[in-house]
Amino acid sequence: FGADVTRLTLMLGAEDMDDPDWRVENARSIDSKLRALYRFINEIISLRGDSEVKNIDRWLISVIQGRIRSITEAIEILKTRTAAEVALFEVWNDIRWYLRRAESPNPETLKEVVDIWIRLLAPFTPYLCEELWHLLKKEGFVSTAEWPSYDESKVDVNAEESESMIRELMADTASIIEVTKITPKKICYYVASGWKWKSYLEMLRRAVSAKVEMRTVMKELMKNPDLRKEAKKVSAFVGKILQEINAMPADQKKRRLEAGELNEKALLNEAKRFLEREFKAEILIYGEEDPQRYDPKKRANLAKPYRPAIYIE
């Protein structure tokens with residue numbers, strides 16, 4: 001085996017001060033993956049597409065910042081296996097998802113991310129990364145290039161939470177299709193109303209520091225004249241979602257609060273052609289109170305923030 005294959009197999013074979021567990025089958029697998037990596041990056045470099053920055057571009061630029069931070073932190077405490085796994089597999093999965101999602105991949109976005117990716121991989125596969133650095137038409141050696149630094153200004157929590165919402169919606173849709181055995185021709189998504197978002201965010205604000213109680217949160221929500229007009233609906237909604245918010249991990253509460261209200265209708269319209277390709281069906285997107293909505297089974301009122309209601313036929 002070559003130096004990079006041997007090096008990475010050993011890196012992935014143990015953590016901390018443990019002796020690496022060398023296995024020939026693992027080395028063969030790594031050899032295959034590195035050959036695939038070379039082809040993959042070569043293909044990415046030659047891609048041409050739309051230069052317009054969309055939500056999926058903001059998502060990729062944002063998540064790569066998280067990868068930079070986790071890889072750097074792992075290396076600094078000698079968690080080399082963790083660092084190598086994230087640098088090779090997690091970043092690869094991020095870019096695969098981007099290419100799957102983006103109707104016309106943005107070459108500038110990909111160029112920026114691949115530049116970072118090669119530098120993150122360089123400690124683990126230095127010879128391959130020098131070749132990839134050359135393919136990227138970079139001057140000098142990647143081994144002497146500056147290590148990527150975490151840039152908080154490029155972190156977009158709204159974009160990350162938006163993409164998580166779309167992924168979860170796809171998983172929910174796929175589950176319904178699997179359970180019902182329907183071959184979908186039409187899929188309708190109904191996004192939550194503004195008053196639900198206001199209620200949801202207020203509950204999140206309270207849940208960050210303490211358990212949310214029905215009586216106290218309703219008292220606060222009723223101070224808002226717009227919510228007071230929908231008092232009965234608000235009360236029913238809060239009752240349904242109270243337990244879910246209290247059980248939510250603290251980090252997720254903070255992230256969703258930071259992301260604020262998602263423009264779910266715009267996000268789904270931007271992803272509409274992607275969803276149609278994935279499910280091979282017509283996709284229709286409505287607000288839950290849209291008077292023109294197609295909703296024969298009255299599913300629209302089930303919509304919640306981050307969980308659009310679904311109807312399939």
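Throughout, numbering of the chain's residues begins at 1 and tracks the sequence.
The backbone N or O of Val142 lies less than 3.5 Å from a partner atom in the side chain of Glu130, making a donor-acceptor pair. Between the side chain of Tyr190 and the main chain of Tyr294, a donor-acceptor pair closer than 3.5 Å is present. One N or O on the side chain of Thr216 and one on the backbone of Glu213 form a donor-acceptor pair closer than 3.5 Å. With hydrogens and angles disregarded, no donor-acceptor distance shorter than 3.5 Å links the side chain of Trp195 to the backbone of Val234. Side-chain N or O atoms of Ser235 include none that pairs as donor or acceptor with a backbone N or O of Ala231 at under 3.5 Å. Looking only at distances, a side-chain donor or acceptor of Ser62 sits under 3.5 Å from a matching main-chain atom of Asp156. With hydrogens and angles disregarded, a donor-acceptor distance shorter than 3.5 Å links the side chain of Asp295 to the backbone of Ala300. For the pair Ser29 (side chain) and Glu25 (backbone), a donor-acceptor distance under 3.5 Å is absent.
By the criterion of side-chain heavy atoms lying less than 4.5 angstrom apart, applied directly or through intervening Ile, Leu, Val, Met, Phe, Trp or Tyr residues, Ile283 is not grouped with Tyr286; the two fall into different hydrophobic clusters. Transitive grouping of hydrophobic side chains (ILVMFWY, heavy atoms separated by less than 4.5 Å) brings Leu268 and Trp97 into a common cluster. Note on Met214: it clusters hydrophobically with Leu201, by side-chain heavy-atom contacts below 4.5 Å among ILVMFWY residues. Under the 4.5 Å side-chain heavy-atom criterion for ILVMFWY residues, no single connected hydrophobic cluster contains both Val53 and Leu267. Under the 4.5 Å side-chain heavy-atom criterion for grouping Ile, Leu, Val, Met, Phe, Trp and Tyr, Ile187 is connected to Leu275 within one hydrophobic cluster.
By the side-chain hydrogen bond (donor to acceptor under 3.5 Å, both in side chains) test, Arg299 is found to be paired with no residue, residues two or more places apart in sequence or in another chain being considered.
Atoms OH and CD, on Tyr150 and Glu152 in that order, are 4.5 Å from each other to the nearest 0.5 Å. Between Ser149 atom OG and Gln65 atom CD the span is 8.0 Å, to the nearest 0.5 Å. The distance from the CG atom of Leu227 to the CG atom of Leu221 is 6.0 Å, given to the nearest 0.5 Å. Here the CD-CD distance, from Glu282 to Glu313, works out to 9.0 Å after rounding to the nearest 0.5 Å. Between the OG atom in Ser209 and the NZ atom in Lys253 there is a gap of 9.0 Å [rounded to 0.5 Å]. Here Gln252 contributes atom CD and Glu161 contributes atom CD; the two are 6.5 Å apart, rounded to the nearest 0.5 Å.
Atom CZ of Arg23 is surrounded by 12 or fewer heavy atoms from other residues, nucleotides or ligands within 6.0 Å. The environment of Phe141 atom CZ is sparse: at most 12 non-hydrogen atoms of other residues, nucleotides or ligands sit within 6.0 angstrom. By the 6.0 Å contact criterion, OH on Tyr127 is open, its count of non-hydrogen atoms from other residues, nucleotides or ligands being 12 or less. No more than 12 heavy-atom neighbours from other residues, nucleotides or ligands sit within 6.0 angstrom of CZ on Arg307. Within a 6.0 Å radius of NZ in Lys186, more than 12 heavy atoms belonging to other residues, nucleotides or ligands are found. Atom CZ of Arg273 has 12 or fewer heavy atoms from other residues, nucleotides or ligands within 6.0 Å. Residue Arg35 places its CZ atom among 12 or fewer non-hydrogen atoms of other residues, nucleotides or ligands, all under 6.0 Å distant. Shown here is Lys54, whose NZ atom has more than 12 heavy atoms of other residues, nucleotides or ligands within 6.0 Å.
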Quiz prompt | Residue pair Lys154, Glu112: steps toward the salt bridge (Lys or Arg N to Asp or Glu O under 4.0 Å) verdict | solution = CA-CA 12 Å; Lys154 292 183 177 180; Glu112 180 179 345; 2.9 Å; yes
Practice problem: Might you work through the side-chain contact (heavy atoms from CB on, under 4.5 Å) test for Lys79 and Glu15, ending with a clear yes or no? | Solution: CA-CA 6 Å; Lys79 297 281 187 184; Glu15 191 86 289; 3.8 Å; yes
Exercise. Quick one: do Lys304 and Phe237 satisfy side-chain contact (heavy atoms from CB on, under 4.5 Å)? Show the steps, please.
Key: CA-CA 9 Å; Lys304 298 188 291 185; Phe237 172 69; 4.2 Å; yes
Practice problem: Apply side-chain hydrogen bond (donor to acceptor under 3.5 Å, both in side chains) to the pair Asp4 and Thr125, showing each step before the final yes or no. | Solution: CA-CA 5 Å; Asp4 280 346; Thr125 56; 4.9 Å; no
Quiz item: Run the side-chain contact (heavy atoms from CB on, under 4.5 Å) check on Arg101 and Trp59 step by step: do they pass?
Solution: CA-CA 11 Å; Arg101 271 280 282 117; Trp59 171 82; over 6 Å; no
Self-check item: Derivation of the side-chain contact (heavy atoms from CB on, under 4.5 Å) call for Phe279 and Thr173
Solution: CA-CA 9 Å; Phe279 294 113; Thr173 305; 3.7 Å; yes
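Counting only N and O atoms by type, the side chains of Glu288 and Ser193 include a donor and acceptor under 3.5 Å apart. For the residue pair Asn42 and Arg39, no side-chain donor N or O sits within less than 3.5 Å of a side-chain acceptor on the partner. Between the side chains of Trp197 and Glu202, no donor-acceptor pair of N or O atoms lies under 3.5 Å.
For the pair Arg256 and Tyr306, the cation sits on the ring face: its NZ or CZ lies under 6.0 Å from the ring centre, inside 45° of the axis. In this structure, Lys265 is not positioned above the aromatic face of Tyr189 in the sense of NZ or CZ being under 6.0 Å from the six-membered ring centre and within 45° of the axis.
Between Ile245 and Tyr200, some side-chain heavy-atom pair lies under the 4.5 Å cut-off.
Taking the ring centroids of Trp92 and Phe40, they lie under the 6.0 Å cut-off.
Partner of Glu278 under the salt bridge (Lys or Arg N to Asp or Glu O under 4.0 Å) criterion, out of Arg167, Arg100, Lys272: Arg100 alone.
When all heavy atoms of Ile56 and Glu270 are compared, the pair lying nearest together is N-OE2, 4.2 Å. Of all the heavy atoms in Ile75 and Ala83, the pair that sits closest is CG1-CB, 3.6 Å. Scanning both residues, Thr80 and Phe124, for their nearest heavy atoms gives O-CE2, 4.0 Å.
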